[in-house]
2 protein chains.
Amino acid sequence: MAASVTSRALDLLGAFGPEHRSLTLSELARRSGLPLATAHRLVGELHKWGALARLASGEYVIGRRLWDLGLLAPVQSGLRQAASPFLHDLYGATLATVHLAVRDRVEVLYVDRLAGHVSVPVVSRIGSRLPLHATGVGKVLLAYAPEDVRAEAFSRLTRVTPYTVTQPARLAEQLRRVRTEGYATTGEEMSLGACSVAVPVRAGHDSVVAALGIVVPDLRRDKARLVAALRVAAQGIGRTLASAE
Amino acid sequence: MAASVTSRALDLLGAFGPEHRSLTLSELARRSGLPLATAHRLVGELHKWGALARLASGEYVIGRRLWDLGLLAPVQSGLRQAASPFLHDLYGATLATVHLAVRDRVEVLYVDRLAGHVSVPVVSRIGSRLPLHATGVGKVLLAYAPEDVRAEAFSRLTRVTPYTVTQPARLAEQLRRVRTEGYATTGEEMSLGACSVAVPVRAGHDSVVAALGIVVPDLRRDKARLVAALRVAAQGIGRTLASAE
DNA sequence: TACTTGTCTTCCATTCACCGGAAGGAGCGG
DNA sequence: CCGCTCCTTCCGGTGAATGGAAGACAAGTA
């Protein structure tokens with residue numbers, strides 16, 4: 001119950017999220033469970049320092065100083081740096097939305113993303129987390145995940161669209177094919193009108209450290225070419241990672 | 001002098017910077033001017049919440065939770081979104097490092113960046129700030145900045161390389177040419193071996209809202225082509241911004 | 001082994017900064 | 001004008017933050 005000032009201030013920051021990018025003072029107080037007067041004082045300090053900024057409307061948003069700080073976080077920074085040029089190549093070759101993702105516990109965490117002009121409906125953003133079973137990169141990461149993670153993921157096969165795979169047996173079969181074929185696909189399982197292909201990114205020879213995927217409106221056309229392009233890029237990333245130790 | 005707990009905790013976070021991505025507890029205490037015991041306790045709270053993470057070596061780094069939060073900051077998010085595909089096009093056309101920057105007071109703030117395989121020595125990163133007078137995008141932003149900003153910038157023409165323009169008269173002449181010609185160039189003024197070209201990005205017809213630039217090893221070759229490609233991209237971004245209101 | 005020098009961690013009595021109810025102000029819609 | 005919601009300010013009691021001191025640990029030196 002003991003609530004230190006620090007944790008209270010942090011809880012105020014925690015009230016923000018992808019769905020709540022801007023909040024009024026009273027919303028902040030409500031969402032963090034603090035008395036209005038207390039929230040007011042703490043928000044004032046956060047604002048003074050630059051952790052929060054205030055819109056013309058009076059609502060608060062995450063400030064630029066936190067943006068700066070966040071960019072310093074070593075969240076897969078080696079991976080992102082190594083991958084960057086290959087993502088562009090891949091975009092150039094496919095003109096599709098490109099995704100680089102890692103597994104964070106039982107979710108997909110998108111660490112980089114590259115959107116094209118003609119965008120199919122894509123939900124992901126850099127930093128967003130999605131279920132492992134409903135995305136291409138997620139299936140790849142799940143296929144090579146340890147047993148306990150797979151068990152946990154199978155216990156929460158939520159339906160997102162009518163096409164989401166929610167039958168454990170069918171998903172297990174798909175994962176088996178991912179391991180033998182070396183790539184995963186989805187068809188409108190996360191978002192209607194969007195299909196995806198993804199391949200694993202390996203550091204050295206064994207471990208899968210990330211997944212590389214693209215989102216396209218239709219897969220029937222030239223899946224083979226897309227898979228080939230993905231493989232070239234994934235291998236390039238892997239080599240870069242290996243050479244950088 | 002009165003140092004509230006909140007501001008102290010924030011000061012601990014502020015001890016991190018591009019040059020100091022990982023810090024030991026004692027470094028944190030020193031850099032923030034806090035007694036070791038106090039720093040220890042506060043860092044513990046920040047760590048528990050996920051604002052800081054701890055490396056195997058025992059050093060602290062910015063944690064993933066702050067990374068998440070930072071991504072929520074509305075730092076030119078409209079601009080970044082509108083520009084993204086055009087940056088890729090520009091990279092495809094030039095294979096050079098591409099920069100999108102805005103002016104933050106008297107500095108250049110890089111809001112997006114796209115690096116190629118063969119990278120010339122480039123100092124910038126997303127989120128980094130550099131002086132206005134020593135970079136291509138900086139000169140563009142300075143050329144269209146209000147009078148007081150220009151005055152302030154002229155009062156601090158620091159030398160970065162032997163080629164940095166530090167004479168006010170010469171810089172003023174260059175800015176005049178930026179306005180008449182519509183583009184700015186630099187030659188090893190920020191970093192040896194790196195030249196740059198940049199053009200303004202206009203929303204609607206008048207105001208310059210950002211600058212778009214590329215960095216190449218040599219400019220003598222095909223400056224005209226590069227400027228043309230930059231202009232196409234900048235116009236595209238401007239149109240997208242205008243159509244999105 | 002004993003000593004040095006640097007880390008990090010824990011403890012606890014003092015005190016001072018945080019707390020939050022209450023009251024006042026500002027804006028809005030009926 | 002009243003009622004509603006939001007934001008801001010005030011202030012006395014009190015419990016959470018403070019930081020010196022002491023101990024634990026590791027690495028380097030003689």
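So that the names make sense, note that chain A is the first sequence line, chain B the second, and so on, each numbered from 1. Just the heavy atoms: all of them, side chains too, but no hydrogens, waters or symmetry mates, feed the values below. Quantities reported herein were computed from a predicted structural model and do not represent experimental measurements.
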For B/R65, check salt bridge (charged side-chain N to carboxylate O under 4.0 Å, His left out) against everything at least two apart and list the hits. none

With respect to the phosphate group of C/dC18, does any side-chain polar atom (N or O) of A/R41 fall under 4.0 Å of OP1 or OP2? no

Which pairs, protein N/O on one side and nucleotides 8-10 of chain C N/O on the other, fall under 3.5 Å?
| residue | atom | partner | partner atom | Å |
| --- | --- | --- | --- | --- |
| C/dC8 | OP1 | B/L25 | N | 3.0 |
| C/dC8 | OP2 | B/S26 | N | 2.9 |
| C/dC8 | OP2 | B/S26 | OG | 2.2 |
| C/dT9 | OP1 | B/R54 | NH1 | 3.1 |
| C/dT9 | OP2 | B/H40 | NE2 | 3.3 |
| C/dT9 | O5' | B/H40 | NE2 | 3.4 |

Net bend of the helix from C/dC8-D/dG23 to C/dG30-D/dC1, end axes of five pairs each, nearest 10 degrees: 50°

Can you pull every protein N or O that's under 3.5 Å from an N or O on nucleotides 12-16 of chain C?
none

Using 4.0 Å as the upper bound for N to carboxylate O, is an ion pair formed by A/D11 and A/R31? no

Nucleotide of D/dT18, C/dC19, D/dA17 approaching A/S4 most closely (side-chain heavy atoms): D/dA17

Please check the phosphate of D/dG19 (OP1 and OP2 only) for any side-chain N or O of B/T38 closer than 4.0 Å. yes

According to side-chain contact (heavy atoms from CB on, under 4.5 Å), who are the partners of B/A184, at least two apart in sequence or on a separate chain? B/K139, B/V140, B/V178

For D/dA17 and B/R8 - does any side-chain N or O of the residue sit under 4.0 Å from the phosphate oxygens OP1/OP2? no

With a 3.5 Å distance limit and no angle check, can you tell me whether A/S32 reaches the backbone of A/L28 through a side-chain donor-acceptor pair? yes

Return all side-chain donor-acceptor pairs below 3.5 angstrom for residues 145-154 of chain B, not counting sequence neighbours, or 'none' if the list is empty.
| residue | atom | partner | partner atom | Å |
| --- | --- | --- | --- | --- |
| B/R150 | NH2 | B/A145 | O | 3.1 |
| B/E152 | OE2 | B/R156 | NH2 | 2.7 |

